[in-house]
Amino acid sequence: MTVLEFSIQRLRERRTLVMGVAALMIYFAHVYSYADLGTFGAFFTYANWGVDVFLLVSGFGICHSMAKCPIAREFYWKRLVKVGVPYLVLAVPFYFASDILVAKQGDWGLFVLDVSTLSYWLFHRGAWYVAMLVPLYLLVPLVDGFCRRLGAPVVCTVATVLSAAVALFLKAAFTDAGLALNVANVFQRIPSFFTGYLLADRLISGKSRGGVSVKAAALGSVLALLGWFLSRNTGCTSFIPALVIAFWVSAPQRLPFERFLELLGKASLESYLLNIYVLALMRDAFGWAGIVDYLVVTVISIVGALLLHHALEMPLKHLVAMIPARRAAV
């Protein structure tokens with residue numbers, strides 16, 4: 001029987017590969033919102049766990065980043081360059097096309113809301129993942145400070161419980177779509193980020209104890225049970241399957257198309273953005289719909305993401321190195 005060995009160290013080594021698998025999951029997740037697949041379409045909703053895998057890996061990487069350089073100014077600059085620049089390169093022309101050119105009456109106010117990601121919180125539209133990253137990354141230096149004082153296990157546990165509690169309360173108190181439910185949708189994903197953050201802290205502090213071996217059949221059973229359970233709750237515990245998926249991908253087995261998945265992992269942000277933007281543009285401007293059209297959109301998005309990431313890679317590295325100098329005290 002096949003045995004898989006999981007370890008935090010291997011997760012660190014194969015982090016880009018995990019991101020590539022998560023990016024591929026997002027493509028599957030968007031199928032059900034674009035093409036009518038009937039009852040079979042419900043299967044693709046489980047691919048939404050790719051978002052939680054992204055957040056887990058993000059938390060993992062952010063913890064390492066703060067351990068190397070805990071200076072808030074440098075952290076903010078790196079996030080602004082690595083996330084903000086690719087986002088603006090894609091978001092500005094897309095929203096100009098959709099809100100100004102394609103719309104019957106150009107709406108510059110909506111354009112500003114869309115580009116700023118405020119439209120997610122108000123109207124549940126646009127790149128919600130980027131909208132979530134803005135407040136999350138703003139809080140990271142504060143979280144890191146608490147972790148240094150109280151310990152990451154305490155801080156991450158409290159943050160996870162509070163996030164789940166806020167999400168459950170908002171979903172119970174508000175039933176109509178609006179700001180409250182948009183906030184709840186973000187809070188229910190936060191536990192995945194802090195799970196990754198805690199894993200990285202355990203590795204950095206030397207408190208992780210090697211790998212854990214699990215039989216593949218047992219892993220499949222656990223995933224099946226989690227899928228059944230999570231389909232009946234609010235999703236606050238979706239960090240569990242994200243954790244299992246991340247460790248499975250990073251286990252010492254050879255995955256098909258690893259080189260492609262690693263490239264996609266490096267371009268995961270561009271891939272996500274191009275997928276939703278090209279999808280929306282083709283649907284609204286040209287009336288595209290159906291599984292064949294979605295496959296065309298997917299190919300366009302992946303190729304475009306890889307090319308754009310390659311074009312931006314060196315300029316972004318130079319920008320990251322140009323950290324604004326701290327002003328001297330007067």
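Being a predicted model, the structure only gives us computed values, none of them experimental.
When every heavy atom of Lys171 is checked against every heavy atom of Leu181, the shortest pair comes out as CA-CD2, 3.9 Å. Of all the heavy atoms in Ala127 and Leu273, the pair that sits closest is CB-CD2, 3.8 Å. Nearest heavy-atom pair across Val115 and Ala91 is CG2-O, 4.4 Å. Gly61 approaches Arg15 most closely through the heavy-atom pair CA-NH2, 3.7 Å. Closest non-hydrogen pair, Val186 versus Met132, comes out as CG1-CG, 3.5 Å. Considering all non-hydrogen atoms of both residues, Ala267 and His309 come closest at CB-CB, 3.6 Å.
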**OP:** Check the pair Phe60 / Leu203 against side chain to side chain contact (heavy atoms under 4.5 Å, CB included), numbers first and verdict last.
**Re:** CA-CA 10 Å; Phe60 194 87; Leu203 182 64; 4.1 Å; yes

Original post:
Arg79 and Ser65: side chain to side chain contact (heavy atoms under 4.5 Å, CB included), yes or no, with the steps?
Top reply: CA-CA 11 Å; Arg79 295 312 114 194; Ser65 179; 3.7 Å; yes

**OP:** Kindly indicate, with the supporting measurements, whether the criterion side chain to side chain contact (heavy atoms under 4.5 Å, CB included) is fulfilled by Ser271 and Tyr27.
**Re:** CA-CA 9 Å; Ser271 171; Tyr27 280 105; 2.7 Å; yes

Subject >> Check against side chain to side chain contact (heavy atoms under 4.5 Å, CB included), Leu136 and Leu55 >> reply: CA-CA 11 Å; Leu136 184 60; Leu55 279 170; 4.2 Å; yes

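Two residues are said to be in side-chain contact when any heavy atoms from C-beta on lie closer than 4.5 Å; Cys147 and Asp201 fail this criterion. The shortest side-chain heavy-atom distance between Val112 and Leu118 does not fall under the 4.5 Å cut-off. Counting only heavy atoms from C-beta outward, the side chains of Asp114 and Asp99 approach each other to under 4.5 Å. Side-chain atoms of Trp128 and Asn185, non-hydrogen and from C-beta on, never get closer than 4.5 Å to each other. Contact annotation: the side chain of Val18 never approaches that of Arg12 to less than 4.5 Å [non-hydrogen atoms, C-beta and beyond]. Leu90 places a side-chain heavy atom less than 4.5 Å from the side chain of Leu308. Contact check for Val85 versus Leu316: side-chain heavy atoms found under the 4.5 Å cut-off. No side-chain heavy atom of Val143 sits less than 4.5 Å from a side-chain heavy atom of Val140.
For the atom pair CD (Glu258) and OG1 (Thr16), the distance works out to 11.5 Å, reported to the nearest 0.5 Å. Interatomic distance, Ile204 CD1 to Met66 CE, rounded to the nearest 0.5 Å: 11.0 Å. Note: Gln9 CD to Leu199 CG = 12.5 Å, rounded to the nearest 0.5 Å. Separating the CD1 atom in Ile300 from the CG atom in Leu295 is a distance of 11.0 Å, to the nearest 0.5 Å. To the nearest 0.5 Å, the span separating CD1 on Ile8 from CD on Glu13 amounts to 12.5 Å. In this structure, SG on Cys63 lies 8.5 Å from CG on Leu198, to the nearest 0.5 angstrom.
Annotation for Tyr76: atom OH counts as buried by contact number, over 12 foreign heavy atoms lying within 6.0 Å.
A distance-only check finds no donor-acceptor pair linking the side chain of Trp49 to the backbone of Ile245 [under 3.5 Å]. Side-chain N or O atoms of Tyr87 include none that pairs as donor or acceptor with a backbone N or O of Lys82 at under 3.5 Å. For Tyr197 (side chain) and Cys156 (main-chain N/O), no donor-acceptor pair under 3.5 Å exists by modelled atom type. Side chain of Ser58 to backbone of Phe54: no donor-acceptor contact under 3.5 angstrom is found. Remark: the backbone N or O of Tyr129 is paired with a side-chain donor or acceptor of Tyr272 at under 3.5 angstrom. Asn182 places a side-chain N or O within donor-acceptor distance of the main-chain N or O of Tyr120, the cut-off being under 3.5 Å. The main-chain N or O of Arg202 is found under 3.5 Å from a side-chain atom of Ser205 such that the two form a donor-acceptor pair.
A tilted orientation is assigned to the rings of Phe193 and Tyr137, their planes being inclined by 30° to 60°. Between Phe111 and Phe96, the ring planes are perpendicular. Angles over 60° get that label, and only those under 30° would be called parallel.
A donor-acceptor pair shorter than 3.5 Å cannot be found between the side chains of Ser301 and Tyr277.
Following chains of ILVMFWY side-chain contacts shorter than 4.5 Å, one cannot reach Val292 starting from Val299, and the two form parts of different hydrophobic clusters. Hydrophobic clustering (ILVMFWY, side-chain heavy atoms < 4.5 Å, transitive): Val21 and Phe257 are in one cluster. Criterion: ILVMFWY side-chain heavy atoms under 4.5 Å apart, direct or through other members. Under it, Met282 and Val296 are part of a common hydrophobic cluster. Both Val81 and Met322 belong to a single network of hydrophobic side chains, linked directly or stepwise wherever heavy atoms of I, L, V, M, F, W or Y lie under 4.5 Å apart.
A salt bridge does not link Glu74 to Lys68: none of the charged nitrogens lies less than 4.0 Å from a carboxylate oxygen.
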